Amino acid sequence: MAFLDDALEVTSRRHGNVTVIDIKGDVTTFADAKITEAYTAATEAGAQKLVLNFHHSNYINSAGIAILIRIVTSCGRHGQKLAMSGLNEHFQKIFRMVGLSQYADIHETEEQAVAALTGA
Amino acid sequence: MAFLDDALEVTSRRHGNVTVIDIKGDVTTFADAKITEAYTAATEAGAQKLVLNFHHSNYINSAGIAILIRIVTSCGRHGQKLAMSGLNEHFQKIFRMVGLSQYADIHETEEQAVAALTGA
Amino acid sequence: MRRPWSSKRARSTEQPIELRLPSCLGYEKVAMDTAAVIAERMGFGPDRVAGLRTAVSEAVTNAIEHGNQGVRNAEVHVVMAIQDDTLIICVRDQNYHQFDRSYGIQRPDLQRALRGEDVGWGMWLIRQFVDEVEFTGVPNGGNEVRMVLRA
Amino acid sequence: MRRPWSSKRARSTEQPIELRLPSCLGYEKVAMDTAAVIAERMGFGPDRVAGLRTAVSEAVTNAIEHGNQGVRNAEVHVVMAIQDDTLIICVRDQNYHQFDRSYGIQRPDLQRALRGEDVGWGMWLIRQFVDEVEFTGVPNGGNEVRMVLRA
Ligand SMILES: Nc1ncnc2c1ncn2[C@@H]1O[C@H](COP(=O)(O)OP(=O)(O)O)[C@@H](O)[C@H]1O
Ligand SMILES: Nc1ncnc2c1ncn2[C@@H]1O[C@H](COP(=O)(O)OP(=O)(O)O)[C@@H](O)[C@H]1O
């Protein structure tokens, strides 16, 4: 059973030339290793376009935001394009407030994010 | 605002010769007066077929069950037919466990309850 | 920022969670909701959680109505312990009022209730929805209902 | 059965609800969930409740990480008071560790964060989502974050 355990699931898929990283579970300090690993693996595999898909995350805290900021920084360094999808309204708002939306387009659905990056 | 206050809303409607009593809110000891009043008014108006429609109740406790048992008793005394609708699975199960389902047919929707009583 | 204390994460053998509620009807909803969200996060399914809601609500209602009846500024304590996949919830009141702890073992008689007799459904409902239930006294002089929900 | 004490129902001026949590990351979710269900029952809309979830989660996380850091068997106390349409939530830790209470008044600098500097978002997020926030010490020697959510 989950509760306090790290029930986070992070998996990667390819949609054409876009890599979708699915994040299911709490995005807190405990999510750091798994999310960073998935991002690093995608980058080492040559991914230039990435979607972080939060469809199943209901809890993202400030430590989670710090993880995502580090990924934004790393994407900038590697010349990668980054988009986010599946965030509920509250977390979309937080990401805009923090300023993350200037560095990663925020889309409602994964399909929209993939389409936008594919066209980009 | 609601919380501990008695935010229960009990209203009555007619569907042909069936009286539907809508119960929205917590069915606890605080619901007694309002539910009993609505039932009594319907009975005085000559209602012979009644539906208790719980579509918006997520909390029914043992005191609420006791209220409903008193209504079942009174329906028996007045020769009224009684049905219930809109209960979620948990409360359907409780009503069956308690034995209330022997005295009032339990239907998923108000429409089904009204149809069954209209045909009866 | 990296957090050095991320290793100090919660384990299932930690101290319990404690909820202290005013002894007034209505507050049982807070206990019911809190127990439910904990059980949900532990991974219990909707039917188990719905049953737990009823059990906790009835136990706290009894603590308010019977255990603490008449005690000014009384409290109800709800102690919730997560032990691996098991959730243990103890509901404590403050006013020791000896009662028949076999209540609710037998199914209450609906026929009697329909005849207008007083029939309590609370203790019986509690027993239907948790895997284990025990009614005891606590050292400070109150009743405790201990309910166990297993995966 | 008729309950003679049904008149003794909860009023908004009653004692507060208190939640005591082990000082371990993860338990902030219990505080967040409990505060959320209380706010929902009070009638606050989904956006206000979502904001409160974030504020409570950040305040409790800070109490665990900063306030109680290193204290064995430390607890976090979350005191929730319903005053008419207003919900007041106080998060208390046990280890008085003086800190700059003006933190989070200014929006943290994303550019600095992107350069890899430590930037804390918690205190700022708390301020964004509640109507009033106050950081104080409590007599027993800990920090208190007092958050007010108004209808
Ligand atoms: N916490 C308690 N303290 C004292 N007596 C209790 C407590 N819980 C239950 N009881 C006793 O057990 C009886 C049965 O309880 P219950 O089945 O919940 O029905 P009800 O509360 O409707 O009477 C109560 O009437 C009361 O006498
Ligand atoms: N309960 C507390 N006890 C002690 N210090 C605190 C507490 N809450 C916040 N602080 C201080 O305020 C700083 C800013 O907090 P915050 O904005 O949440 O960012 P972070 O926790 O990521 O550092 C913390 O780094 C800490 O020094």
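Order of the sequence lines fixes the chain letters, A, B, ..., with proteins taken first and strands second; residue numbering starts at 1 for each chain. Values in this document were obtained by computation on a predicted structure and should not be read as measured data. Hydrogens, waters and symmetry mates play no part in the numbers below; they use all other heavy atoms, side chains included.
In this structure the side chain of C/Met32 reaches within 4.5 angstrom of the side chain of B/Tyr59, judged on heavy atoms. Contact annotation: the side chain of C/Leu110 approaches that of B/Ile69 to within less than 4.5 Å [non-hydrogen atoms, C-beta and beyond]. At least one side-chain heavy atom of B/Ile94 sits under 4.5 Å from a side-chain heavy atom of C/Thr54. Side-chain contact between B/Ile65 and C/Leu125: present, with at least one pair of heavy atoms (C-beta onward) separated by less than 4.5 Å. Contact of the C/Leu114 side chain with the B/Tyr103 side chain is registered, since non-hydrogen atoms from C-beta on lie closer than 4.5 Å.
In this structure, B/Ile60 CD1 and C/Ser57 OG are separated by 11.0 Å, a value rounded to the nearest 0.5 Å. To the nearest 0.5 angstrom, B/Thr73 atom OG1 is 10.0 Å from C/Arg115 atom CZ.
Between C/Asp47 and B/Lys93 there is no salt bridge, since no side-chain N of the basic residue sits under 4.0 Å from a carboxylate O of the acidic one.
Contact tally against chain C (heavy-atom pairs below 4.5 Å) for B/Gln102, B/Met97, B/Glu89: the top residue is B/Met97.
At most 12 heavy atoms of other shown residues, nucleotides or ligands fall within 6.0 angstrom of atom CD in C/Gln106. Atom CG of B/Asn58 is surrounded by 12 or fewer heavy atoms from other residues, nucleotides or ligands within 6.0 Å. Remark: B/Glu108 CD is loosely packed, at most 12 non-hydrogen atoms of other residues, nucleotides or ligands lying under 6.0 Å away.
Counting all heavy atoms, side chain and backbone alike, B/Ser62 lies closest to C/Gly122 at CB-N, 3.9 Å.
Using a 4.5 Å cut-off between heavy atoms, C/Arg107 contacts chain B through its side chain alone, with no backbone atom that close.
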